[in-house]
Amino acid sequence: MTDNIENEAGSSEQQNPAADMPKNYDPASIESSLFDFWYRNGYFHRDAGGYANPEKEPYTIVIPPPNITGMLHMGHALNDTIQDTCIRRARMQGRPTRWILGTDHAGIATQTKVDKKLADEGISRLKIGREAFIDECWKWRKEYGGTIVTQIKGMGCSCDYDDEHFTLDPDYAQGVRRLFVEWYHKGLIYRGKRIVNWCPHCTTAIADDEAEYVDEVGHLWYLRYPLVEPIDGQDYIVVATTRPETMLGDTGVAVSPKDPDKKKFVGAKVRLPLVDREIPIFSDFYVDAGFGTGFVKVTPSHDPNDWGMGERHGLEKINIFDETAHVVEGYGKYSGMDRDEARKAIVEDFDALGLLDHIEEHEHSVMTCYRCHTKLEPWESEQWFVAVDKLKEDAARVVEDGEIQFHPARWKQVYLDWLSNLKDWCISRQLWWGHRIPMFYCDSCGWEDACMDDVEVCPNCGKPVRRDTDVLDTWFSSQLWPFATQGWTTDGAEAAEIKANYPTQVLSTARDIMGLWVARMVMSSMYCIKQIPFENVIIHPTVMGADGKPMSKSRGNGVDPLKLMKDYGADGMRFGLLLQVTGAQDLKFNEDRLEGSRNFATKIWNAARFILMNLDGYEPGDPQPLTDADKWILSRLAKLTARLDEEAEDFEFAKQAQDLYEFFWNELCDWYIEFSKGRLREEGPTKLATQRNLVFVLDQSLRLLHPMMPFITEEIWQKLPVQCDRPSIMVAPWPDSKELAKFIDDDAERAIELVRQVVTSIRSTRARYQIGNKKQIDVVVKASKEDIAAIEAERDLVFTMGNIGNLTMDPDAQKPKGASAIVTDDLEVYIGLEGLVDFEAERKRLEKNRDKLLKDKQKLDKKLSNEGFLAKAAPEVVEKTRNEAADVEDSLARVEAQLAELD
RNA sequence: GGGCGAUUGGCGCAGCGGUAGCGCAGAUGCUUUACACGCAUAAGGUCAGCGGUUCAAAUCCGUUAUCGCCCACCA
């Protein structure tokens, strides 16, 4: 079917194209072949298989590169649907589009997985060594790295699959190296000793933002530290600590400068138990006099705040732990113990010495490694840092002045706050899988440099050099994503793709990597390209479980998008998710929406089936708005298209989806197709015009739906005799709201509104008295002359849809004896029921109707008798209110009249 | 501790200054020749509490309560 690229419109010899359509749309049977069809024809490339208009502005999106360890989760499903919707729309508008695809090597995540896999096989990473381990990682990537790309294809995403990138590709890696070398030579990268969050299990530094806090009920140990000289008869002070084992590294005790009781201790010394070290008592503003005892033990090497105090007061920094958090040599029996053993031993020894004052329970949070969940150790080590102060200025400016727009806009401030609180960025990681830091050192003469090419011997003294063994933080490499994927490595900012297509248009991502990734891309892009990397940042809602909590394996509230696609089709999942992308920051996952979207797909399918079944004698041609019904649906289509354009501009996905749904289902299917049924039975020009209108409206609707529901729209479009020479809806022109505006017709909309009032009144009465649709009834309509004229023009529609025997319309119509009366906004409908009418029930119904109108009238009268309102409200509001009041008055009078007649 | 968001019919959400809307569930009736993943009809809400601004507040401001997210983190 899709192989028939010719798609000859109107070749009348063909058998009925609806013949091979089952009653229910079956996504599984068509999705993959349609995807192949698109792929084979090159529609995913920037030239869209030759259908892109090179004159138009290019449109580019870079995908947030999924980790090679990743499986498709709900976050991807949502985010990739959003991006595909944007890019497909732009492609249909004729813009040269490209959605750049790739994956991230994900240093620590991948290393952990491979490590675990090897461990399961009984292989130790340390034993096989760095080279062999990296080989294992590449093997792993080869085996699993493509999984997620396959899954993205399954969603129908129109990425450029022929130019896939990977953050460890040779070209990309050179780019990363280039940036490091440049920043090093510019002084933007420096080496320093710092307290970092150290994972003793992974033996690497963990960035602040990679650490996870876990609440824990621990203890507060109150330890007595003897004073060297008693003060006022007091021979010890008491410190409170959650980590008694670190006392081995204490080099001071701090008190608050605002604590008058502690003044006398400042300058005194205590003798540190167990290690017999004399350390000073000093005052520092960091200390909170109200917490614990007001005395704080200070361990500069094992606490970031203590480190700060140590710097301010020139304290010695004593490191008591090795890289696996075991006590180092020189601490007697404690040496070699891990931190938990040391804690136990030290507390016991304090107790034995009578120096354990007391213990309290204490709730606090501890930092853990986000990968292995080992408690992190604040540890002093040598690391590489990026000095961010200069870089962040530009990154803040381009958002402040609106060059980069956030959607929803409130995220702008979050971004700016993140930047303003940014501290220098620790970029070295003690891992093997990643971009190895290109620093070379000569141990003989002390030469060192960052180099683009590997260095074997020292350029200074000729001795062998060694390379730094650390790798870079994964975010250091992902910050280059928008430009290193477009030729920056070899040609810099002058690269052809960058010159033609930079900046990109949209970056869509989750809020939790706004700083980690988004801000850093802006920083590096402003530095490397001197341009913003993207114009719009979409921060999509986070998909929460049905319980409103983040999805996680431990909570068991997760949902698998692969299963959802199986159950609802890729289109059903996509549309169901988009319906939930409102401006909210969280999205409580609602599977009902996907079910509804699957049903919607079936509805579209069956509407198409109906139209295709009724194309006997069809000849292609432009739409022919002969009747008010025709004019009405075309007018509605024109208005819908214009509205969708506006909503797309604002990245309002739920609204676009909702509007499409309502138009297609509640207007096209519920009314226009129903209207058309009678006409399709006639022969001649009316029938042909109706067919053309149906084909036209369906064609245009499918195009409007295509970015959100790519598969079903393509499948149907291939069967439909559309007036379009493009072989695929994917490259068919986007409906032009300006062109369609010629169909806007408010008179026709009004006429159909009246028809609907009459038909609905009849149905309502039938339902109330349980009169089947097959029984013909007589109907009298009382309405204004003009309204009657409008309905009269569509008399046959009222007849067919109402199954009416006699229809009388008259401005002065009298209710027939024994008829039921319906009062609508604009008219009365009398329906004769041959003695079936329950007048008591009729009265109750009309009274309810009246009471509602009375309430409305009271409200409006109150408003209109309010002088403040008349004086201060906008004139058009007053005018509108007056009209409403008149309408209510009119309806009320008519209802009252009907009630009077019942008496 | 700081910031942000949510609180609207049973459930999930729109609306964000001028008389409350949608989907699902539930009710009733329909094998109406596109669709029961359907059609039709009817029912259901003092928009979390309190205070304020305004001629007018679900909508703006303040406050309280509950829930959630993000950031920082106390020895």
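Predicted, not measured: the structure shown is a model, and the values here were computed from it. We name chains A, B, ... by the order of the sequence lines, and we start the count at 1 in each one.
Here the separation of B/G1 from B/G15, taken at their C1' atoms, is 35 Å to the nearest Å. Taking atom C1' on both nucleotides, B/U7 is separated from B/G12 by 14 Å, rounded to a whole Å. Only the P atoms considered, B/U66 is 27 Å distant from B/C74, to the nearest whole Å. Using C1' as the reference atom, B/G17 and B/C60 are 8 Å apart when rounded to the nearest Å. Atom C1' of B/G21 sits at a distance of 25 Å from the matching atom of B/U54, rounded to the whole Å. A gap of 14 Å separates the C1' atoms of B/A36 and B/G29, to the nearest Å. Going from the P atom of B/U64 to that of B/G23 covers 39 Å, rounded to whole Å. Between B/C24 and B/G38, the two C1' atoms lie 16 Å apart (nearest whole Å).
Between A/N599 and the phosphate of B/C35, there is no side-chain N or O to OP1/OP2 separation shorter than 4.0 Å.
Looking at A/E847 and A/K852, no side-chain N of the basic residue comes within less than 4.0 Å of a carboxylate O on the acidic one, giving no salt bridge. Between A/E311 and A/K317, at least one side-chain nitrogen of the basic residue sits less than 4.0 Å from a carboxylate oxygen of the acidic one, meeting the salt-bridge criterion. Using a 4.0 Å cut-off between charged side-chain N and carboxylate O, A/D616 and A/K687 make no salt bridge. Between A/D586 and A/R511 there is a salt bridge, since a side-chain N of the basic residue sits under 4.0 Å from a carboxylate O of the acidic one.
The base-pairing partner of B/A40, taking Watson-Crick or G-U wobble contacts with both distances under 3.5 Å, is B/U28. B/G9 is unpaired under the Watson-Crick or G-U wobble criterion, no partner having all donor-acceptor distances under 3.5 Å.
Counting any heavy atom pair closer than 4.0 Å across all strands shown, A/K603 reaches a base atom. A/I673 comes within contact range of at least one nucleobase, with a heavy-atom separation under 4.0 Å. In this structure, A/W221 reaches neither bases nor backbone, as no heavy-atom distance under 4.0 Å exists between it and the strands shown. Across all strands shown, A/D670 has heavy atoms under 4.0 Å from sugar-phosphate atoms exclusively, and none from any base. A/R593 comes within 4.0 angstrom of a nucleotide base, judged by non-hydrogen atoms across all strands. Among the protein residues, A/E674 comes within range of the nucleic acid bases, having at least one heavy atom under 4.0 Å from a base atom. Using a 4.0 Å heavy-atom distance criterion, A/V239 is classed as making no nucleic acid contact. Counting non-hydrogen atoms under 4.0 angstrom, A/N24 reaches a base of the nucleic acid.
In A/R882, the CZ atom is not crowded: 12 or fewer heavy atoms of neighbouring residues, nucleotides or ligands sit closer than 6.0 Å.
With hydrogens and angles ignored, no donor-acceptor pair under 3.5 angstrom links the side chain of A/Q580 to the base of B/A14. In the interface, the side chain of A/K23 is not paired with the base of B/C35 through any donor and acceptor atom under 3.5 Å apart.
Regarding A/W605, its CH2 atom lies at a distance of 12 Å from the C1' atom of B/C35, rounded to whole Å. The CD atom of A/Q770 sits 14 Å away from the P atom of B/A42 (whole-angstrom rounding). In this structure, CG of A/D616 is placed 15 Å from C1' of B/A34, rounded to the nearest angstrom.
Using a 4.5 Å cut-off on side-chain heavy atoms (C-beta onward), A/D250 and A/Y225 make contact.
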